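What follows is one structure encoded as structure tokens, with my remarks underneath.
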Number of protein chains: 2
Amino acid sequence: MPRIDSAQRIDRKAAILDAAERCFVRSGFHGASMSDICGEAGMSPGNLYRYFPSKEAMIEGLCERDFAELGAGFSALARAPDIWEAFEALARFHMIEEPRESCQLWVEIMSEVARNPQIGALRKKIDQFIETKIRFALEMARDRGQTAPDADLDPAVQFLITYADGLMLRRARDVNFDPKPHVALMFSILRSMLLPPATPASARLTTP
Amino acid sequence: MPRIDSAQRIDRKAAILDAAERCFVRSGFHGASMSDICGEAGMSPGNLYRYFPSKEAMIEGLCERDFAELGAGFSALARAPDIWEAFEALARFHMIEEPRESCQLWVEIMSEVARNPQIGALRKKIDQFIETKIRFALEMARDRGQTAPDADLDPAVQFLITYADGLMLRRARDVNFDPKPHVALMFSILRSMLLPPATPASARLTTP
DNA sequence: AAAAAGAGAATGAACATTCATTTTTATGAG
DNA sequence: CTCATAAAAATGAATGTTCATTCTCTTTTT
């Protein structure tokens, strides 16, 4: 087992995760066999095990990578000149441009989250990170006068997270689901929550 | 193999599905073994196989039962005197009163839907059924003057379905997620879509 | 006493992982 | 440049386990 991860080794690991991802989408984390993954990666089991010590480690590596990519997208929000535009671009990317397979993997990961404490911990971190970033972006938008000055941001943040999850789930389960108009609807609702008249008090979340 | 399903036999099958459900929530459809299920059901494998011919058949049976229960709830909507109230009661039931385990099973089922054509077909049927029932209920509400007369129902229907899925996913993945305020937010948004002023044209779904 | 319900050991396939071995790559002395 | 050699990369058959399913036998019910 090599001490350091050379660039080549990192590439190889990424390629293995790509292959594993295809298998997992096809058959699920527990339905896909190591033999399937070896076949998809064009690699013998003996060799594959030099890169990942177990199937568990591969699942964890895949979740880590997925979460990291998601986090990077949200990190970039704060740096965007136009926040609304950046938000819409990010949503378009995750819900429309990314293939449906990403949504299937997302649902698979979510159903693993409750079972596997290791992955559950990763999920918690990324969830909190994303929530913070969305909140921060909306605050920036408000400071720049791009929302109503007294807009209540909490319900908007919660709405976005929940609705995005719903879109992922619907896209994953229905081949014919076209996310485009649904993303448009999401932003239309978000605007109606943040632009003039403020959300009525009855709709505020007390303990979100 | 008995020709007919006596009442006793149906009860027994239901009890087996209950046990299987607990195992599936704990370990997933493919992580739970028949031996686990036999243990949970207090039954030998030889006997269990008299009720379900295979594990596959048990998973299918469980999905069928879950979908049927869901459908029954939505069927009842049309018969309710106050549709808003009935709607809120149904949402409260599925999102709040039902234990978190139901949401975990829902996510598990959804990730199976894409892989297993048998279950995929069941999903399609129930999805269309629910959409029809929600639409019908909203139409009734509009006819009774409980919404704006020119309210655009399509976006509202799609919003409800997507948001409910999002809530299920969030509750499944986060033990600390409290659905109560989120269901309130859902209805607050729904009301703002259906009560005066009508949803702006830009938010309409063209091909939902 | 026949039929239904149930038990639990047996079976064979599939699986994750390991191991003995071979092939490739990189290195440096002649 | 070239060849010897050691490290790294890769192979695929072997291993031991787990699992879904079956089979034979016993108990309970009618």
Side-chain angles (χ1 to χ4, degrees), chain A residues 1-63 108 111-112 115-119, chain B residues 1-63 108 112 115-116 118-119:
Chain A
M1 195 98 55
R3 296 284 166 79
I4 49 111
D5 270 17
S6 69
Q8 271 187 55
R9 206 179 151 75
I10 287 171
D11 284 354
R12 212 89 173 76
K13 286 178 94 166
I16 292 172
L17 288 185
D18 290 342
E21 194 171 306
R22 288 189 291 274
C23 293
F24 290 150
V25 166
R26 210 185 300 129
S27 326
F29 285 148
H30 303 284
S33 73
M34 286 306 252
S35 171
D36 291 339
I37 297 169
C38 288
E40 186 76 36
M43 196 180 254
S44 66
N47 199 21
L48 190 142
Y49 271 82
R50 295 196 329 114
Y51 295 91
F52 292 95
S54 68
K55 193 181 177 183
E56 191 86 341
M58 277 190 34
I59 294 174
E60 203 185 316
L62 197 54
C63 292
E108 186 72 30
S111 84
E112 189 68 15
R115 292 198 271 285
N116 188 331
Q118 202 86 205
I119 297 180
Chain B
M1 192 95 59
R3 295 284 167 78
I4 49 109
D5 271 17
S6 70
Q8 271 186 56
R9 203 178 154 75
I10 287 171
D11 284 355
R12 211 88 176 82
K13 284 177 95 166
I16 292 172
L17 287 186
D18 290 341
E21 193 170 307
R22 288 190 293 274
C23 293
F24 289 149
V25 166
R26 209 185 300 130
S27 326
F29 285 147
H30 302 284
S33 72
M34 287 306 254
S35 171
D36 292 339
I37 296 168
C38 288
E40 185 77 36
M43 195 179 253
S44 66
N47 199 21
L48 190 143
Y49 271 83
R50 295 196 331 112
Y51 294 91
F52 291 95
S54 68
K55 193 181 176 182
E56 191 85 344
M58 278 192 34
I59 294 173
E60 202 184 316
L62 196 56
C63 292
E108 185 73 29
E112 189 69 16
R115 293 199 269 286
N116 188 330
Q118 202 87 207
I119 297 180

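Within every chain, numbering begins at 1; the chains are lettered A, B, ... in the order of the sequence lines, protein sequences first and strands thereafter. Basis for what follows: all heavy atoms, side chains included, without hydrogens, waters or symmetry-related copies. Source: prediction; values computed, not measured.
Rounding to the nearest 0.5 Å gives a distance of 3.5 Å between CZ of A/Arg12 and CE of A/Met43. Within the model, atoms CZ of B/Phe24 and CG of B/Leu17 stand 9.0 Å from one another, a figure rounded to the nearest 0.5 Å.
Distances from the side chain of B/Arg50 to the nucleotides C/dT17, C/dA4, D/dT21 place C/dA4 closest. With D/dA10, D/dA20, C/dG6 as the choices, the nucleotide that has an atom nearest any side-chain atom of B/Arg12 turns out to be C/dG6. The nucleotide whose nearest atom lies closest to any side-chain atom of A/Asn47 is, among D/dT11, D/dT21, C/dT17, D/dT11. Relative to the side chain of A/Met34, the nucleotides D/dT22, D/dA10, C/dA16 differ in distance, and C/dA16 lies closest. Listed candidates were C/dA9, D/dA10, C/dG6. Nearest to the side chain of B/Pro45 is C/dA9.
The CD-C1' distance, from B/Gln8 to C/dA3, rounds to 14 Å in whole Å. One can place CE of B/Met58 at 15 Å from P of D/dC19, the figure rounded to the nearest angstrom. A/Tyr49 places its OH atom 18 Å from the C1' atom of D/dA9, with the value rounded to the nearest Å. Rounding to whole angstrom units, CZ of residue A/Arg9 and C1' of D/dA9 are separated by 10 Å. In this structure, the NE2 atom of A/His30 is 12 Å from the P atom of D/dC19, given to the nearest Å. With rounding to whole Å, A/Asp36 atom CG is found 12 Å from C/dA14 atom P. B/Lys55 places its NZ atom 11 Å from the C1' atom of D/dT18, with the value rounded to the nearest Å. Taking atom OH of B/Tyr51 as the reference point, atom P of C/dA4 lies 12 Å away to the nearest angstrom.
One finds no side-chain N or O of B/Ser44 lying less than 4.0 angstrom from the OP1 or OP2 phosphate oxygen of C/dG8.
Contacts of A/Phe52 with the nucleic acid, taken as non-hydrogen atoms under 4.0 Å apart, are absent. Residue contacts shown for B/Ala57 are absent, as no nucleic acid heavy atom lies under 4.0 Å away.
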- Message: One pair to check against side chain to side chain donor-acceptor pair (under 3.5 Å): B/Glu56 and B/Asn116. What are the steps and the verdict?
- Response: CA-CA 10 Å; B/Glu56 191 85 344; B/Asn116 188 330; 3.3 Å; yes
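Between B/Asp36 and B/Arg26, no side-chain nitrogen of the basic residue sits less than 4.0 Å from a carboxylate oxygen of the acidic one, so the salt-bridge criterion is not met.
Nearest-nucleotide assignment on DNA chain D puts the 5′-proximal partner with A/Met43, out of B/Cys38 and A/Met43.
Checking B/Glu112 against B/His30 by side-chain atom types alone, a donor-acceptor pair falls below 3.5 Å.
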